[in-house]
Amino acid sequence: MFEALASFFSLIVQPAYDLTGSWWAAIFLFTLFSKVILMPLSVWCQKNSIVMVQLMPELFRIKCRYYGDRETIEEKQNELYHEKHYHALLSLIPLAIQVIILFGLVDVIHSITDSGAPGTEFLGLVPIESGGASLIMPLLAGLSAVIMGWASNHINPLQREQSRAEKNMTNGLSIALSLFLGFYVVCGMAFYWVCSNLLSIAVQALCNVIVKPRDYIDYEDLNKARDEFNAIEEATKGDRKWYQPDPLARRAKADYKRFFKVDGKHLVFYSESSGFYKYFQGAIEWLLNNSDVRIHYLTSDPNDQVFDIAKREPRLIPYFLDQKRLITLMMKMDADVVVSSLGALDVYYIKRSYVRKDIEYIYMCHHMTSMHLTSTKEEYDNFDTVMCVGPHQRRELRRMEEVYHTPRKKLPKIGYDLLDREIADYEAMPKVAHEKPVILIAPSWNQDNILDTCIDDMLGRLLGHGYRVIVRPHPEYVKRYRPRWDALVERYAKVPKDELVFEGDFSGHSSILESDVLVTDWSSIAEEFSFTTLKPSLFIDTPMKVTNPDWEQVGIEPTDISLRNQIGRSLDPADLSELEGVIDDMVSNPASWHDRIRQIRDGFIYNLGHGGEAAGEYILREVLAKQEGKDITAAGAMAENGGVRDGR
């Protein structure tokens, strides 16, 4: 076979030599001729590569949907390849043909060198044996592979969309093969390989003209799908080196297995960290006291307080999961009801189960304000139930369903257990008049918040004027902008503690309950403070926190805006000349605010004083409906048509 190939190749090389008088030029022209002859195959490979890139968005979504489940991912990928007629091995055909050409070219080169014609000696040298000047050929072969790899990363439609690791592997193999050939074959064949590598760049450029990738590939969709997958990868990536043991990973692995060893799980809660237990607390305590349901509690915090609480409550079963196992576990969830305060279900890396399609997913609010301004547009779309704090949230969610054409959810009238408990704590506190009125500055962490815009002006006006000021940053601000926070604390290090305190412990809420006036920007702590203490909040109109850019389409003014001048006053951060006067008036006339805020609160919150009970009752009804095989919409309808405690 190879003798026949050599005879055929000689019919091309010899005329090329006769034309040019150079065997090197003849080998180049032979390489060029082979590229032209194989151009239809190159175009076919181009089309196949474009098919693969067209599939990439769906492949990324498969990887997101079944993250961590390698077997399912491979199964779904193969199904997609079969459906779209993608041939994964087709890209190897050009390489296979190159190797076949090499074998056929061996005899051609030897026939040239054996002739003894002047100038042919170098063609027949093998660098690994001859050394000397012949060593230039493996270097040229390796360099040509480097150039081809760089070019392919930019113009090959498939290779340019591969990950860095995939590009490095592809180019690394090409460079290694080129170096190997350069050392172990005769220089004439190595020269052919150099020419082939460089001409491949021109072939790819021509293929891009014949079959333009942009005419077939939706790059916007591809980038969106890739970003979603990269977000998952980033979320699961740790700082630990590959050689370091990870005790938390072992713990998460053990808890992951333990979770799936339990059959017939009816109720699961998921918490991002220990601080989120307070939003579930009332419902969990009611369920433990009024039912025999076992509560499986997933947390991403290895030090979550739930592990200590579970020591006293045998029916509360906690599990620690790192991000990677959490993602996989959620996709394989097999419970009846799942409760979470983490939104954007099935939008980012936390997905609905693909194992069970009838799970009831319940969203429990961790704020009292509106649903369409500071939440993402898709925040609640994929939940079956959203537990509403008050009538404003039900009204907004129903309108969002109409405007955004999203599925209709159950919106039970629940209330806000955290507020109930804070009110109870406040009412149980001894009320002591402060010698110095306490002003709590508690801003949000979003861009251009109080701490980044006007804190120095504010403190300059308040310090030394008979107030005790407490600055309580959002925990996320300290986490993200630690140098800014440290610099602020350092600037005021010499101010006496009876005038200024920087609060770094966020576990309690005593400073909130004991303050006389709250100063904030767009933080929902204002509702927490004013609805608990019935004292006013002072709002600084920094740039508004907007997470949903389409919020105005809903046509309802968010309570984040409307409440500002109902439970307090608003000031421009560029002009704080009224700051002291407004605060003095608020401190001096608490009664004028007390009844006004109470009236607003009573119409703003469902089931005031019984939010935990309402949440627990609703969850239990959903669990029982699942167990009894009833249509769960019947349970939801009870809440839809009045909720518990007469809809309050």
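What's counted below: heavy atoms across the whole structure, side chains too, no hydrogens, waters or symmetry copies.
- Between the side chain of S274 and the backbone N or O of Q305 there is at least one donor-acceptor pair closer than 3.5 Å.
- The pair R250-D255 does not meet the salt-bridge criterion, since no charged nitrogen lies less than 4.0 angstrom from a carboxylate oxygen.
- Taking a 6.0 Å sphere around NZ of K431, one finds it holds more than 12 heavy atoms contributed by other residues, nucleotides or ligands.
- For the pair S515 (side chain) and V517 (backbone), a donor-acceptor distance under 3.5 Å is absent.
- In this structure, a donor-acceptor pair under 3.5 Å is absent between the side chains of E527 and S524.
- Evaluation of the side-chain contact (heavy atoms from CB on, under 4.5 Å) rule for N290 yields W286 as partners, not counting sequence neighbours.
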May I have the step-by-step check of side-chain hydrogen bond (donor to acceptor under 3.5 Å, both in side chains) for S271 and T299, ending in yes or no?
-> CA-CA 5 Å; S271 172; T299 176; 4.6 Å; no
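- H392 has its ring centre less than 6.0 Å from the ring centre of F604.
- Rounding to the nearest 0.5 Å gives a distance of 9.5 Å between CD of E617 and CG of L287.
- Minimum heavy-atom separation, G603 to P391: O-CG, 3.6 Å.
- D521 and S444 are linked by a side-chain donor-acceptor pair at a separation below 3.5 angstrom, with hydrogens and angles left out of the test.
- When the shell of 6.0 Å around CD of Q599 is examined, it contains 12 or fewer heavy atoms from other residues, nucleotides or ligands.
- Each of Y319, F320, Y270 was evaluated against F259; a single residue qualifies, Y319, per the ring-ring contact (aromatic ring centres under 6.0 Å, His included) test.
- Under 3.5 Å, the side chains of S370 and Q393 contain no donor-acceptor pair of N or O atoms.
- Listed for the T328 side chain is a donor-acceptor partner under 3.5 Å among the backbone atoms of K324.
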Would you sort out whether N548 and H372 count as a side-chain hydrogen bond (donor to acceptor under 3.5 Å, both in side chains), showing the intermediate values?
-> CA-CA 6 Å; N548 174 16; H372 61 299; over 6 Å; no
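- Each of L518, V582, I441 was evaluated against L538; a single residue qualifies, V582, per the side chain to side chain contact (heavy atoms under 4.5 Å, CB included) test.
- With sequence neighbours left out, the ring-ring contact (aromatic ring centres under 6.0 Å, His included) criterion links Y277 to Y297.
- Cation-pi geometry between R251 and F307 is met: the NZ or CZ atom falls under 6.0 Å from the ring centre, inside 45° of the normal.
- Atom CG of residue L462 and atom CG of residue L579 lie 5.0 Å apart, to the nearest 0.5 angstrom.
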Verdict with supporting geometry, L576 and I540, side chain to side chain contact (heavy atoms under 4.5 Å, CB included) | CA-CA 9 Å; L576 296 179; I540 307 301; 4.1 Å; yes
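- Interatomic distance, OG of S530 versus CD of E528, reported as 10.5 Å (0.5 Å rounding).
- Using a 4.0 Å cut-off between a side-chain N of Lys or Arg and a carboxylate O of Asp or Glu, R461 and D457 qualify as a salt bridge.
- When only modelled atom types and interatomic distance are considered, D420 and H610 share no side-chain donor-acceptor pair under 3.5 Å.
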Applying side chain to side chain contact (heavy atoms under 4.5 Å, CB included), run through D308 and K311 and close with a yes or a no.
-> CA-CA 5 Å; D308 288 329; K311 295 174 182 177; 3.3 Å; yes
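- Ring centroid separation for the pair Y361 and F383 does not come in under the 6.0 Å cut-off.
- The distance from atom CD1 of I597 to atom CZ of F531, rounded to the nearest 0.5 Å, is 8.0 Å.
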Check the pair F502 / W485 against ring-ring contact (aromatic ring centres under 6.0 Å, His included), numbers first and verdict last.
-> CA-CA 10 Å; F502 291 97; W485 172 248; 5.5 Å; yes
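- No side-chain donor-acceptor contact under 3.5 Å links D585 to the backbone of G581.
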Take L397 and V386 through the side chain to side chain contact (heavy atoms under 4.5 Å, CB included) test and state the conclusion after the steps.
-> CA-CA 9 Å; L397 287 169; V386 177; 3.7 Å; yes
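- The number of heavy atoms from other shown groups lying within 6.0 Å of CZ (R294) does not exceed 12.
- H465 places a side-chain N or O within donor-acceptor distance of the main-chain N or O of L463, the cut-off being under 3.5 Å.
- At a threshold of 4.0 Å, the pair R482-D486 counts as salt-bridged, since one of the basic side-chain nitrogens sits closer than that to a carboxylate oxygen.
- Pairs passing the ring pair (Phe, Tyr, Trp, His ring centres under 6.0 Å) check and including a residue from residues 396-431, sequence neighbours excluded, do not occur.
- The number of heavy atoms from other shown groups lying within 6.0 Å of CD (E578) does not exceed 12.
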Quick one: do K626 and H266 satisfy side chain to side chain contact (heavy atoms under 4.5 Å, CB included)? Show the steps, please.
-> CA-CA 8 Å; K626 287 286 186 182; H266 302 300; over 6 Å; no
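- Between R352 and D346, none of the side-chain N atoms (NZ, or NE/NH1/NH2) sits under 4.0 Å from a carboxylate O, so this pair counts as no salt bridge.
- One finds no salt bridge joining E396 and R399 here, because no Lys/Arg side-chain nitrogen approaches an Asp/Glu carboxylate oxygen to under 4.0 Å.
- For the pair R315 (side chain) and S291 (backbone), a donor-acceptor distance under 3.5 Å is present.
- Looking at R468, its side chain never comes within 3.5 Å of a backbone N or O of K436 through a donor-acceptor pair.
- Taking a cutoff of 4.0 Å between a charged side-chain nitrogen and a carboxylate oxygen, D456 and R491 qualify as a salt bridge.
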Do D584 and Y467 pass the side-chain hydrogen bond (donor to acceptor under 3.5 Å, both in side chains) test, and can you show the C-alpha distance, the side-chain angles, and the key distance before you say yes or no?
-> CA-CA 10 Å; D584 284 341; Y467 304 118; 2.4 Å; yes
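- A side-chain donor-acceptor contact under 3.5 Å links N565 to the backbone of S570.
- Here E401 pairs with K409 in a salt bridge; the nearest charged N to carboxylate O distance falls below 4.0 Å.
- Residue L248 holds its CG atom at 14.5 Å from NZ of K253, rounded to the nearest 0.5 Å.
- A salt bridge between K410 and E622 is present, with a side-chain N of the basic residue lying under 4.0 Å from a carboxylate O of the acidic one.
- For F539 and W522, the gap between ring centers reaches or exceeds 6.0 Å.
- Proximity of a side-chain donor or acceptor of T547 to a complementary backbone N or O of T374 within less than 3.5 Å is detected.
- Between R394 and C388, the closest heavy-atom pair is CG-SG, 3.4 Å.
- Remark: R621 fails to qualify as a cation-pi partner of Y618 under the 6.0 Å distance and 45° angle criteria applied to the six-membered ring.
- With N589 contributing its side chain and S592 its backbone, the two residues share no donor-acceptor pair below 3.5 Å.
- Side-chain polar atoms of T542 and T453 form no donor-acceptor pair below 3.5 angstrom.
- Side-chain contact annotation: S511 with E503, donor-acceptor N/O pair under 3.5 Å present.
- Note that the CE atom of M364 and the OG1 atom of T385 stand 11.0 Å from one another [nearest 0.5 Å].
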